[in-house]
Amino acid sequence: MSKIEDFLSVDEEQEIIEAIRIAEAKTSGEIRVHIEKTSKTDVFSRAMEVFHYLKMDNTKLQNGVLIYVAVDDRSFVIYGDKGINDVVPNNFWNSTKDIMQTHFKAGNFKQGLVEGVKKAGTELAHHFPWKHNDNNELSNEISKG
């Protein structure tokens, strides 16, 4: 698989976007998914660059979560901003990554991303519940590079 367009079907992308919408309906947090062919650098460093590029570091409560996937590298990173990182349990991101990786290894990329979004959304809702005046600060669309 070498084209990011082949990584997920249009319907699968819509299911992930819907999972983001549902998760964000319960939290002031923001979740984004970014998919690209390769990171060309250290995958964690690239995820941090994308996090900044998508302006995820500008959320009011520093509670953005990026799920970054480098398709050809077979690598992914879950990157949470300071606000969420300060309150989640120590093993939270690793346990989320493990759930996603189980689906990815089975070739079910859409379900892995949906499960990652759901788990991040549940934790965000616990620490940053949605309030009446909350605005969706970032797009729910999957970004591609």
Side-chain angles (χ1 to χ4, degrees), residues 1 4-5 7-9 12-145:
M1 179 180 310
I4 60 172
E5 293 82 15
F7 183 64
L8 298 167
S9 71
E12 289 172 327
E13 285 188 21
Q14 290 306 310
E15 288 181 57
I16 294 164
I17 292 166
E18 181 65 7
I20 293 169
R21 189 194 64 72
I22 290 168
E24 288 185 356
K26 300 172 187 165
T27 179
S28 64
E30 296 290 334
I31 302 169
R32 295 288 314 261
V33 173
H34 180 84
I35 300 169
E36 57 188 20
K37 183 176 177 177
T38 182
S39 68
K40 296 186 177 149
T41 63
D42 170 71
V43 69
F44 186 80
S45 297
R46 179 62 183 144
M48 287 179 22
E49 287 175 6
V50 170
F51 192 87
H52 178 71
Y53 174 77
L54 295 175
K55 300 191 182 321
M56 295 189 72
D57 51 355
N58 291 341
T59 60
K60 183 177 176 181
L61 297 175
Q62 296 180 308
N63 57 358
V65 175
L66 172 66
I67 299 174
Y68 169 86
V69 180
V71 175
D72 283 359
D73 300 340
R74 296 178 176 247
S75 298
F76 70 101
V77 171
I78 306 167
Y79 185 81
D81 205 352
K82 182 177 177 7
I84 186 67
N85 279 342
D86 285 350
V87 295
V88 295
N90 289 338
N91 68 341
F92 178 74
W93 299 122
N94 285 334
S95 66
T96 305
K97 191 172 182 178
D98 290 345
I99 290 168
M100 293 174 63
Q101 198 162 34
T102 298
H103 288 288
F104 287 0
K105 284 181 178 178
N108 196 343
F109 302 109
K110 183 267 305 180
Q111 194 59 40
L113 289 167
V114 166
E115 294 301 324
V117 165
K118 285 180 179 179
K119 192 159 191 244
T122 298
E123 197 69 13
L124 283 165
H126 176 71
H127 297 287
F128 300 95
W130 185 86
K131 295 185 172 104
H132 181 67
N133 61 346
D134 284 339
N135 292 321
N136 189 6
E137 296 178 79
L138 301 171
S139 171
N140 294 342
E141 297 296 314
I142 296 172
S143 61
K144 297 176 184 172

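Any value given below was found using the heavy atoms of this structure, including those in side chains, with hydrogens, waters and symmetry copies removed.
Within the 3.5 Å criterion, the main-chain N or O of Phe128 finds a donor-acceptor partner in the side chain of Thr27. With hydrogens and angles disregarded, a donor-acceptor distance shorter than 3.5 Å links the side chain of Arg32 to the backbone of Glu141. With hydrogens and angles ignored, the 3.5 Å screen pairs a side-chain donor or acceptor of Asn85 with a backbone N or O of Gly80.
Going from atom CD of Glu12 over to atom CZ of Phe109 covers 10.0 Å, rounded to the nearest 0.5 Å. Between the OG1 atom in Thr122 and the NE2 atom in His127 there is a gap of 11.0 Å [rounded to 0.5 Å]. Residue His34 holds its NE2 atom at 10.5 Å from NZ of Lys144, rounded to the nearest 0.5 Å. Rounding to the nearest 0.5 Å gives a distance of 6.5 Å between CG of Leu66 and CG of Leu54. Expressed to the nearest 0.5 Å, how far CZ of Phe92 lies from CG of Asn90 amounts to 12.5 Å. To the nearest 0.5 Å, atoms CG (Asp42) and CD (Glu49) are separated by 9.5 Å.
Side-chain contact check for Met100 versus Ile67: some heavy-atom pair is nearer than 4.5 Å. Two residues are said to be in side-chain contact when any heavy atoms from C-beta on lie closer than 4.5 Å; Met56 and Leu138 meet this criterion. At a threshold of 4.5 Å between non-hydrogen side-chain atoms, the residues Arg46 and Val43 do not count as touching. Leu113 has its side chain out of reach of Ile142: every pair of non-hydrogen atoms, C-beta onward, lies at least 4.5 Å apart. With a 4.5 Å cut-off on side-chain heavy atoms, Ser28 and Lys131 do not count as touching. Two residues are said to be in side-chain contact when any heavy atoms from C-beta on lie closer than 4.5 Å; Glu18 and Gln14 fail this criterion. Considering only heavy atoms from C-beta on, His103 stays 4.5 Å or farther from Val114 through its side chain. Residues Val33 and Phe76 form no side-chain contact, since every pair of their non-hydrogen atoms from C-beta on lies 4.5 Å or further apart.
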_Stepwise side chain to side chain donor-acceptor pair (under 3.5 Å) test for His52 and Asp57_ = CA-CA 6 Å; His52 178 71; Asp57 51 355; 2.7 Å; yes

*List the steps and the verdict of side chain to side chain donor-acceptor pair (under 3.5 Å) for Lys110 and Ser9.*
CA-CA 9 Å; Lys110 183 267 305 180; Ser9 71; over 6 Å; no

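Phe7 and Ile35 get closest at one heavy-atom pair: CD2-CD1, 3.8 Å. In this structure, Ser39 and Asp73 approach most closely via the heavy-atom pair N-OD2, 2.8 Å. Here the closest heavy-atom approach between residue Ala120 and residue Trp93 is recorded as CB-CZ3, 4.5 Å. Scanning all heavy atoms of the two residues, the minimum distance from Val65 to Ile78 falls at CG1-CG2, 3.9 Å.
Note: Tyr68 and Phe44 fail the aromatic proximity criterion, with ring centroids not under 6.0 Å apart.
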